Protein chains: 2
Amino acid sequence: MIIVSSKDVAKLAGCSQSTVSRVLNRPETVHPDKREKVLQAIEALQYKPNIAARSLVAKRTNTIALISGTLRNDYFAESTDRIVEYASKHGYRTMVYFESEGSLGDILAQIKSYKVDGILISCMKLDDPHYEAFAASGIPCIWFNRRHRRGGHYVSMDNVLAAKMLTRHLLDLGHRRIAYLSGPLDISTLYERWTGFEAVMREASVPVRESYVHILEPNDQAVQKLTWKLMHQPEPPTAIVCGNDELAIASMDALLSMGLRIPADVSIAGFDDIRMSGHQAIQLTSVGQHRFDMGEVAAEHLMMLIEAKDGQEQPSIQFLCKPELFVRRSTGVARTEKN
Amino acid sequence: MIIVSSKDVAKLAGCSQSTVSRVLNRPETVHPDKREKVLQAIEALQYKPNIAARSLVAKRTNTIALISGTLRNDYFAESTDRIVEYASKHGYRTMVYFESEGSLGDILAQIKSYKVDGILISCMKLDDPHYEAFAASGIPCIWFNRRHRRGGHYVSMDNVLAAKMLTRHLLDLGHRRIAYLSGPLDISTLYERWTGFEAVMREASVPVRESYVHILEPNDQAVQKLTWKLMHQPEPPTAIVCGNDELAIASMDALLSMGLRIPADVSIAGFDDIRMSGHQAIQLTSVGQHRFDMGEVAAEHLMMLIEAKDGQEQPSIQFLCKPELFVRRSTGVARTEKN
DNA sequence: CTGAAAGCGCTTACAG
DNA sequence: CTGAAAGCGCTTACAG
């Protein structure tokens, strides 16, 4: 592939390389006639400035890194979509990394090599030891969705409150045998949700039975298996709270396969209010935020951090937005006890 | 942010910059003792080579561009996930672009600036005028999912056949009043599916009524509105074929809102066999490919093209894989005529 | 308003 | 096995 450089443009336009560069960066500083000639040469040669060379000297790449949970979880698909679009609209490219690609340490090493201007992370564990490395990298970072215990800049939801709202909703419907299905609790969102659930259950003096609680790896097989196990005990739960909608929808799949009716036989609910939860065939009760995309808000503030970088001191960014409960058909009055 | 360069490493290790570079690129060519010292210095300084500088001289970036349809369509979420992971595993970074970000011309301009090693495109229109520019860019390109009329390297499904299989399935169930809901027909997949549908209907001498066919912009509102319109005519269809599962699931949402039962009142089916289609609450009949991810196959071959680049002539990559029909509960015997 | 020159951080012949 | 030097394509003071 032949690379057209600014030197080639300069030759054709009959000027110096510096002038070509100026036309690109501060066109008002070059004489209109000359500018026109350069523009024509650029067009004629289909010249595109080499970003690598530019960022080498400019010390900025106009690129941000997004480290996201898997797109198989709709929550991350939605936020990734929004972030990439938002960044693009504001002149930034997004390099997307998924947690499945390797340890955060390896990913950070790569990111550092690319000299991105900023980092968005939605999938760091609550006590992930790599936190320090990110914080010390000198690259502006914002955590969204999942937080780290140390704090830092973050945009998240009040997940404790969210879980309390959801749990009270189920108690209000008369449920007492409530099960809890969750992914690993070393993740802030899942941990906080569990905490909120437990707190309300304790307040209400409703015991949380051990056989009703399952912490699992979030894949369809595990959900299938544990849902089955949950419902095949002597006294099965009348309601299931899932750590997020993705899990809830998978569990719902299992419940329906078993011939159970929702909510007649068992109620189910989740968190995040992903798009599918509102579908008529799903109608999953969920708690999330309406009209507030954490990813986009995080991107917006990341750009502020990047641009204010050399200026005055950095503001501290800590958003904990209020959740909303969306009651749908998947939760109903507790089935009359009759086991 | 302080940038540690290979010069700093050289100073600490007491050697030249070239040696540092050699340790990184061809460690076997430097004396073990010296190599060890350099490695220690790299570790001590937390040195990460600057990718921009490297690609400037190496004339390759180990980066591919993926231009994808929106992640709001699960098909694209699934393929993006796979591609990024596959590329990562093989030493390539992926820059993700979405068609919504601007014209393909603008996106190509950006991509050229980044000097990516290869391009994967899943969202080009059948007669998109930018095709030439991509083909002439000198950058290896593979089209997957949607094809361009000119061909080029592509990985796709036999969509005509897919539509024929699906249509015959509905005819076999006794349906004669079959509606067709599709996104724009300037997209190969949608165009070919429509073609296959029409061909089978003609063969079977079943007229395709004009009021049963709607071409729409694929957003929830449009689907909602047209589904409503479809079912509120004097003789509503007994089955609806949708151009893809995303549309079908949205239309299903509308049907259920209207109080219709699937498939008792109306059957519905789609294409792509996305993950959600298999969910017990959805059970959408669909035609797609099992165990064959076009995105991943495309990525695999793109890397072959990139690596064979300077070698012998390029092979022509043209995959048209066979579809499979997944019959689920959303299609059933045609309702007894009684309008 | 414009050009020559230095330099960003790297790799790769070229000598030795 | 190793270092000095040239060069990748750009931007940005510095003179004029």
Side-chain angles (χ1 to χ4, degrees), chain A residues 1-39 41-42 45-63 109-110 112-117 138 310, chain B residues 1-39 41-42 45-63 109-110 112-117 138 310:
Chain A
M1 169 169 58
I2 302 117
I3 294 186
V4 178
S5 79
S6 58
K7 220 186 276 179
D8 302 318
V9 174
K11 201 180 294 172
L12 182 61
C15 68
S16 75
Q17 197 190 20
S18 333
T19 300
V20 174
S21 182
R22 281 196 198 95
V23 169
L24 254 34
N25 297 303
R26 279 169 296 124
E28 69 284 1
T29 68
V30 10
H31 191 87
D33 293 359
K34 205 146 218 158
R35 196 196 305 156
E36 195 47 43
K37 258 191 191 154
V38 171
L39 254 14
I42 286 178
L45 297 175
Q46 283 287 306
Y47 166 69
K48 306 278 179 263
N50 184 319
I51 296 284
R54 177 178 284 177
S55 29
L56 193 56
V57 17
K59 303 247 173 264
R60 77 178 270 173
T61 52
N62 284 297
T63 300
Q110 265 207 54
K112 278 179 159 173
S113 266
Y114 275 100
K115 313 291 178 210
V116 300
D117 297 334
D310 300 319
Chain B
M1 168 169 59
I2 302 117
I3 294 186
V4 177
S5 78
S6 57
K7 220 186 274 179
D8 301 319
V9 175
K11 202 180 292 170
L12 183 61
C15 68
S16 75
Q17 195 190 21
S18 334
T19 299
V20 175
S21 183
R22 281 195 200 93
V23 170
L24 254 33
N25 298 302
R26 281 170 292 125
E28 69 284 1
T29 67
V30 10
H31 192 86
D33 293 359
K34 205 146 218 159
R35 196 196 306 157
E36 196 46 44
K37 258 191 192 153
V38 170
L39 255 15
I42 286 178
L45 297 175
Q46 283 287 304
Y47 166 69
K48 307 278 179 261
N50 183 320
I51 296 283
R54 176 179 282 177
S55 29
L56 193 57
V57 16
K59 303 249 174 262
R60 77 177 273 172
T61 52
N62 285 298
T63 301
Q110 266 208 53
K112 278 179 157 173
S113 267
Y114 273 101
K115 314 291 178 211
V116 300
D117 296 336
D310 302 318

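Quick caveat: nothing in here was measured; it's all calculated off a predicted structure.
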Would you check if the side chain of B:Arg35 reaches a backbone N or O of B:Pro27 as a donor-acceptor pair within less than 3.5 Å? yes

What is the nucleic acid contact for A:Ser18, judged by heavy atoms within less than 4.0 Å: base, sugar-phosphate only, or nothing? base

In residues 21-39 of chain B, what residues come within less than 4.0 Å of DNA chain C, judged by heavy atoms? B:Ser21, B:Arg22, B:Asn25

Using only side-chain N and O atoms of B:Tyr114, determine if any of them is under 4.0 Å from OP1 or OP2 of D:dG9. no

Mark yes when over 12 heavy atoms from residues, nucleotides or ligands other than A:Lys11 sit less than 6.0 Å from its NZ; otherwise mark no. no

Just grab all the side chain to side chain donor-acceptor pair (under 3.5 Å) pairs involving residues 50-63 of chain B, residues at least two apart or on different chains. A:Tyr114-B:Thr63, B:Arg60-B:Asn62, B:Arg60-B:Tyr92, B:Thr61-B:Asp117

Could you tell me the separation between the NZ atom of B:Lys7 and the P atom of C:dG9, rounded to a whole number of Å? 7 Å

Interatomic distance, B:Lys112 NZ vs D:dG9 P [rounded to whole Å]: 16 Å

Roughly, in whole Å, what's the span from CG in B:Asn62 to C1' in C:dC10? 14 Å

When you measure from the side-chain N and O atoms of B:Ser6 to the phosphate of C:dC10, is any distance below 4.0 Å, counting only OP1 and OP2? yes

Contiguous Watson-Crick or G-U pair runs (3 or more, under 3.5 Å) in DNA chain D: C:1-3 with D:14-16, C:5-12 with D:5-12, C:14-16 with D:1-3

Which pair of non-hydrogen atoms, one from B:Ala13 and one from B:Ala41, has the smallest distance, and what is that distance? CB-CB, 4.0 Å

Please determine, by modelled atom types, if A:Ser18 and A:Ser21 share a side-chain donor-acceptor pair under 3.5 angstrom. no

Without decimals, in angstroms, what is the distance between A:Leu45 CG and D:dG9 C1'? 15 Å

Rounded to the Å, how far apart are A:Arg54 CZ and D:dG9 P? 15 Å

Check whether any side-chain heavy atom of A:Val23 lies under 4.5 Å from a side-chain heavy atom of A:Val9, and answer yes or no. no

Quick check: do B:Leu12 and B:Tyr47 have side-chain heavy atoms less than 4.5 Å from each other? no

side-chain contact (heavy atoms from CB on, under 4.5 Å) between A:Cys15 and A:Lys34: does it pass, once the steps are laid out? CA-CA 8 Å; A:Cys15 68; A:Lys34 205 146 218 158; 3.8 Å; yes

In whole angstroms, how far is the C1' atom of C:dG7 from the CG atom of A:Leu56? 9 Å

Is the distance from OP1 or OP2 of D:dG9 to the nearest side-chain N or O of B:Lys59 less than 4.0 Å? yes

Rounded to the Å, how far apart are A:Gln17 CD and D:dG9 P? 10 Å

Using atom NZ of A:Lys115 as one end and atom P of C:dC10 as the other, report the distance to the nearest whole Å. 7 Å

Might you work through the side-chain contact (heavy atoms from CB on, under 4.5 Å) test for A:Val30 and A:Val38, ending with a clear yes or no? CA-CA 10 Å; A:Val30 10; A:Val38 171; 6.0 Å; no

Please check the phosphate of D:dG3 (OP1 and OP2 only) for any side-chain N or O of B:Ser16 closer than 4.0 Å. yes

